[in-house]
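This report concerns only the one structure given below.
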Amino acid sequence: MFSFKEIRTPIIEESKLFSRSVGEDSDIVSKEMYTWKDLDNKNITLRPEYTAPVVRSFIQHNLGANSSLQRLYYIGPLFRRERPQKGRQRQFNQFGVEAFGSPHPEQDAEVISVGWKILEDLGLKNSLMLKINSIGSNNCRKSYRSALKDFIRPNLDLFSITSQKRFKNNPLRILDSKSESEKILLEDAPKISDFYSDADEEHFSELRKYLKKMNIPFSIDTRLVRGLDYYTRTTFEITSDILGAQDAVLGGGRYDELVETLGGKPTPAVGFAAGIERIIILMKNKKLLKNKNSPDVYFSCLENNGLSIALSLSKKLRDLGIIVQMNTLRKSMKAQLREANKLEAKYAVILGDSEIKNKEVIIKNLKDGKQLKVSQSEMMDNFSDLT
Ligand code: HAM
């Protein structure tokens, strides 16, 4: 639909890749990475995120030479040593995209629309909120950082130890604070939008225009700075109230300087990653997940002398691509039908004594309870809805 190409990167990377990109003072690098020394005394890390490995690979394999635009997607496991809770695991999975080459807001809009479309197609649109922000370009952030510090400094001792540390190293992250008292202290803090250059302003306003044109609903969250250091200008998150404390389903943004920081030619880029486990929580909550293990047909054979017929009829059904589960515990009729219902099978095919004698089977629709007796040779004609 969007014609992105898949990229796969190793699960293990050199640790310095993440300190140089995600940032030494970020939560991920300062306390969440699984890092150890290998036999060559090299620090290696289980990847805690995908963007830096994709950029490393983009540079190493000179992917920018193939085309001035490279649109890539990925899916796979990641590792962060966080405190596990609902929606937060130490090993989790993401899918995401990274689009290299275009500095223009239409690329941001396209990337956001990819994420939105996937979540919409999964049936989640009504449970989601898209928040966007622009943290401006480098110069804008420099002036803003010093204005924000000037604002916070007189009250610094009222802030938490974490925020006081951030004050030194990355004051913008204080805006991320979840503490109610800090939120109050920050109420009248200067806004980054007052520090945008004309180009920053135009970039952000065009992005908003494109999102509106695509009917993608959003709100502006001026505090959305995100916890990774590589972002420039656009940042965005898709959240859901259903998820509770860990409410972000998807997060991303523009990172125009990262390719150069990691040793490549200056290449603008924008991307997002979505947490698959959080999507599954939402889908379960909205009853959108089908029980994957549900058989189409539960084959219930009630007499031992019918087992070979049951096995051969089950094979015929499976040859047509129908998912069949056969009871091999020789349980009672009642127990077998109870299991068929529990498994949410669509049909039960029942082979009892008289059916064996008359070369027939009973087909029971487990949704409406209707049943009919058919000859074994005509049995297959009754499952056209399954093939
Ligand atoms: P992130 O916000 O760190 O961004 O992660 C993206 C998504 O991964 C989150 O919104 C969440 O759904 C999921 N996630 C993160 N940590 C966990 C966890 N411990 N357990 C379960 N799910 C989790 C990034 O990773 C950036 N690389 C996104 C990006 C791509 N920016 C630009 N391109």
Side-chain angles (χ1 to χ4, degrees), residues 4 7 9 13 17-18 21-23 26-34 45-58 70-100 107-108 110-112 114-116 118-119 122 124 127-133 135 173 176 221 224-240 242-259 261-262 267-283:
F4 282 54
I7 183 162
T9 69
E13 294 277 354
L17 172 64
F18 300 106
S21 55
V22 177
S26 64
D27 287 350
I28 292 181
V29 174
S30 64
K31 55 184 187 196
E32 293 171 2
M33 296 206 306
Y34 287 98
T45 291
L46 295 180
R47 66 179 175 212
E49 65 106 47
Y50 258 112
T51 308
V54 170
V55 170
R56 195 246 333 117
S57 180
F58 177 87
Q70 276 293 331
R71 294 176 170 110
L72 305 170
Y73 79 89
Y74 48 80
I75 181 163
L78 300 143
F79 305 83
R80 294 185 192 175
R81 206 180 150 276
E82 296 186 271
R83 193 169 51 79
Q85 64 182 94
K86 183 183 165 204
R88 189 162 77 180
Q89 293 86 21
R90 290 182 162 190
Q91 178 174 350
F92 60 100
N93 292 276
Q94 283 183 346
F95 66 80
V97 306
E98 310 295 347
F100 294 93
Q107 187 60 76
D108 308 46
E110 186 194 49
V111 160
I112 293 174
V114 174
W116 189 258
I118 293 172
L119 296 171
L122 291 173
L124 298 174
S127 324
L128 301 174
M129 278 181 341
L130 166 65
K131 296 178 197 163
I132 61 169
N133 189 23
I135 55 169
R173 289 275 340 265
D176 250 358
D221 179 351
L224 184 67
V225 291
R226 309 246 318 123
L228 304 98
D229 281 1
Y230 46 65
Y231 292 114
T232 53
R233 289 193 168 155
T234 311
T235 52
F236 56 91
E237 257 175 27
I238 296 181
T239 59
S240 173
I242 296 171
L243 287 170
Q246 303 303 316
D247 65 350
V249 184
L250 177 155
R254 180 163 275 287
Y255 50 95
D256 287 345
E257 281 144 34
L258 184 56
V259 179
T261 305
L262 293 178
T267 310
V270 53
F272 74 75
I276 294 177
E277 286 76 8
R278 293 190 191 174
I279 292 175
I280 291 172
I281 295 177
L282 287 180
M283 292 184 75

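As the structure lists them, so they are numbered: ligands from 1, and atoms in each ligand from 1. Positions are given from 1, in the same order as the sequence printed here.
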So, applying ring pair (Phe, Tyr, Trp, His ring centres under 6.0 Å) with Phe58, which one of Tyr74, Tyr50, Phe100, Tyr255 is it?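 Only one option passes, and that is Phe100.
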One residue to check: [X]. Relative to ligand 1, which of side chain, backbone, both or neither has a non-hydrogen atom less than 4.0 Å away?
X      : answer
Val270 : neither
Phe95  : neither
Phe272 : backbone
Arg90  : neither
Val249 : backbone

[X] heavy atom under 4.0 Å from ligand 1:
X      : value
Tyr74  : yes
Gln246 : no
Glu277 : no

Under 4.0 Å from a heavy atom of [X]: give me the atoms of ligand 1 that qualify, with their elements.
X      : value
Glu82  : 16 (N), 18 (C), 19 (N)
Gly275 : 7 (C), 8 (O), 12 (O), 13 (C)
Thr51  : 26 (C), 27 (N), 29 (C), 30 (C), 31 (N), 32 (C), 33 (N)

